[in-house]
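One structure is given here, and the rest of the page talks about it.
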Protein chains: 2
Amino acid sequence: MTDKKEHIIDIAIELFATKGFEGTSIRDLAAAADVNVAMVNYYFGSKEKLFEELVQRKAASSRNLLTEIANDSSLTAIEKIDKVIELYVEKIFTNRKFHRVIHQELITNQRETLTRNIADSMFPNALSMKTIVEEGIRNKEFKNVDVQLTIASILGTINQILLSKTFCLRLLDKQEDYVPYEDPKFKKRVNDHLKELMRDHLLKITNNPQ
Amino acid sequence: MTDKKEHIIDIAIELFATKGFEGTSIRDLAAAADVNVAMVNYYFGSKEKLFEELVQRKAASSRNLLTEIANDSSLTAIEKIDKVIELYVEKIFTNRKFHRVIHQELITNQRETLTRNIADSMFPNALSMKTIVEEGIRNKEFKNVDVQLTIASILGTINQILLSKTFCLRLLDKQEDYVPYEDPKFKKRVNDHLKELMRDHLLKITNNPQ
DNA sequence: AATAATTAATTAAACGTTTGTTTAATTCAA
DNA sequence: TTGAATTAAACAAACGTTTAATTAATTATT
């Protein structure tokens, strides 16, 4: 029954996301998933291999959605940016727990090969964005911006909001019980802000008085 | 000899930053600081209290530098933003290891009160930025942007660059041995990008052809 | 179709480490 | 001589992992 393996992975994402890799014990995990402690090692070999399988599985499932947008010749560069932002916000908001797990791993940078795997699996997304911005600059549709740091701004804005709920609530001036990531209005707000930020930054002439 | 206490804190920052809180054992720390294992508990009471003291000490040392800028009436709003960016980039680049430690803690969100302390100690900075942007909007110098998310973009851009060296190197297309955070050219580049991004986003009319 | 043989899944218990912390003795300084 | 600083050793608890036994499921044989 591979359902059980999937079930363990699901619970593992949940626990790793809230307690970190070191902070999550196999006993905790086994209890939460309602399986015997030995089952984790039986299925995955080790705690670390479980983590790797978890990362690879999730990363593979959402790859190359962005490249389609990048290669869609019916769209202008700024329209592509809009679509990329929408896709990215949507993806990260829905998979936010998993996203938190892999960013924890990326930041702590302990298990070296795993960190590299994560960086590699995330990089295609950044590359698609890079292609789009570079194309826009070549077409004279965009200003001659710092491409790499512009991408850092897109990703960084979302991560800043998403990675720490505690800080996000401070920033938004909301109570502890509010969960912004489940509020569609907030998702739209992030979308609108990012799109506007990028239009301001990328397009050659912005005459948005208001 | 309080020098020894300081020394332990210094080493602790180093180790926590590279191996995380859970990943750093008191024995590792004691060995690296060349003191007996018992000394950490003797001085700090516990591993967690050491961490708290570490955070409080660092946070207190750099507080309210931004409020001065916010209250400087001789500067326009966009000039204040420029100064804030400069100060923030400088501060985070030089204290990047410590910055990484507290962000790990913020993201993992395990020791609840500590996470709150960190969020609280970081928040005044965000608040200063908020004041500046809101004032600029009131003065009609700035567009009517989403203030909170604009701050998220400033902080997020820097964090995106700084928190994971592995991903940063991928983004910059550099070799593994390059350390961007020690390259003054790169620091200037981040400054320039952020300032331009914010001018584009905040100022009412941007006629920056090229 | 029923039974035997074989493989897979599951379990409780134990393994050896490592963890943070404490103790009790000793050294050092005031 | 008193109190702080420092040490080596030990503590219990938690860790990831393994073992060996048992149950369930699958396959092969009659």
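These figures come from a predicted structure and were not determined experimentally. Note that these values count all heavy atoms, side chains included, but never hydrogens, waters or copies made by symmetry. All chains are named by letter (A, B, ...) in the order of the sequence lines, taking the proteins before the strands, and each is independently numbered beginning at 1.
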Atom-pair distance ([atom1] on [X]; [atom2] on [N]), nearest Å:
{"X": "Lys49(B)", "N": "dT22(C)", "atom1": "NZ", "atom2": "C1'", "value": "14 Å"}
{"X": "Leu50(B)", "N": "dG20(C)", "atom1": "CG", "atom2": "P", "value": "11 Å"}
{"X": "Leu29(B)", "N": "dT19(C)", "atom1": "CG", "atom2": "C1'", "value": "14 Å"}
{"X": "Glu48(A)", "N": "dT17(D)", "atom1": "CD", "atom2": "P", "value": "8 Å"}
{"X": "Met39(A)", "N": "dT18(D)", "atom1": "CE", "atom2": "C1'", "value": "14 Å"}
{"X": "Asp3(A)", "N": "dA9(C)", "atom1": "CG", "atom2": "P", "value": "12 Å"}
{"X": "Asp34(A)", "N": "dA12(C)", "atom1": "CG", "atom2": "P", "value": "11 Å"}
{"X": "Lys4(A)", "N": "dT10(C)", "atom1": "NZ", "atom2": "C1'", "value": "7 Å"}

May I ask you to verify if any side-chain N or O of [X] is less than 4.0 angstrom from the OP1 or OP2 atom of [N]?
{"X": "Asn41(B)", "N": "dT21(C)", "answer": "yes"}
{"X": "Tyr42(A)", "N": "dT10(C)", "answer": "no"}
{"X": "Asn36(A)", "N": "dA12(C)", "answer": "yes"}
{"X": "Ser25(A)", "N": "dA14(D)", "answer": "no"}
{"X": "Tyr43(A)", "N": "dT10(C)", "answer": "yes"}

Self-check item: Out of dT21(C), dT19(D), dT17(D), whichever nucleotide has its closest atom nearest the side chain of Arg27(B)
Solution: dT21(C)
Self-check item: Proximal nucleotide (of dG16(D), dT21(C), dT6(D)) relative to the Ser46(B) side chain
Solution: dT21(C)
Practice problem: State plainly whether the residues Arg199(B) and Asp82(B) are in salt-bridge range, i.e. N to O under 4.0 Å. | Solution: yes
Exercise. May I ask you to say whether Glu182(B) pairs ionically with Arg96(B), meaning some side-chain N is under 4.0 Å from a carboxylate O?
Key: yes
Self-check item: Matching residue for Phe123(A) among Asp120(A), Leu127(A), Asn125(A) - test: side-chain contact (heavy atoms from CB on, under 4.5 Å)
Solution: Leu127(A)
Quiz item: Does the cation-pi check pass for Lys47(B) over Phe21(B), that is, NZ or CZ under 6.0 Å from the six-membered ring centre and within 45° of its axis?
Solution: yes
Quiz item: How do Gly23(A) and Gly45(A) order along DNA chain D: which one's closest nucleotide is nearer the 5' end?
Solution: Gly23(A)
Quiz item: Quick one: does His7(A)'s side chain have a donor or acceptor within less than 3.5 Å of a partner on Asp3(A)'s backbone?
Solution: no
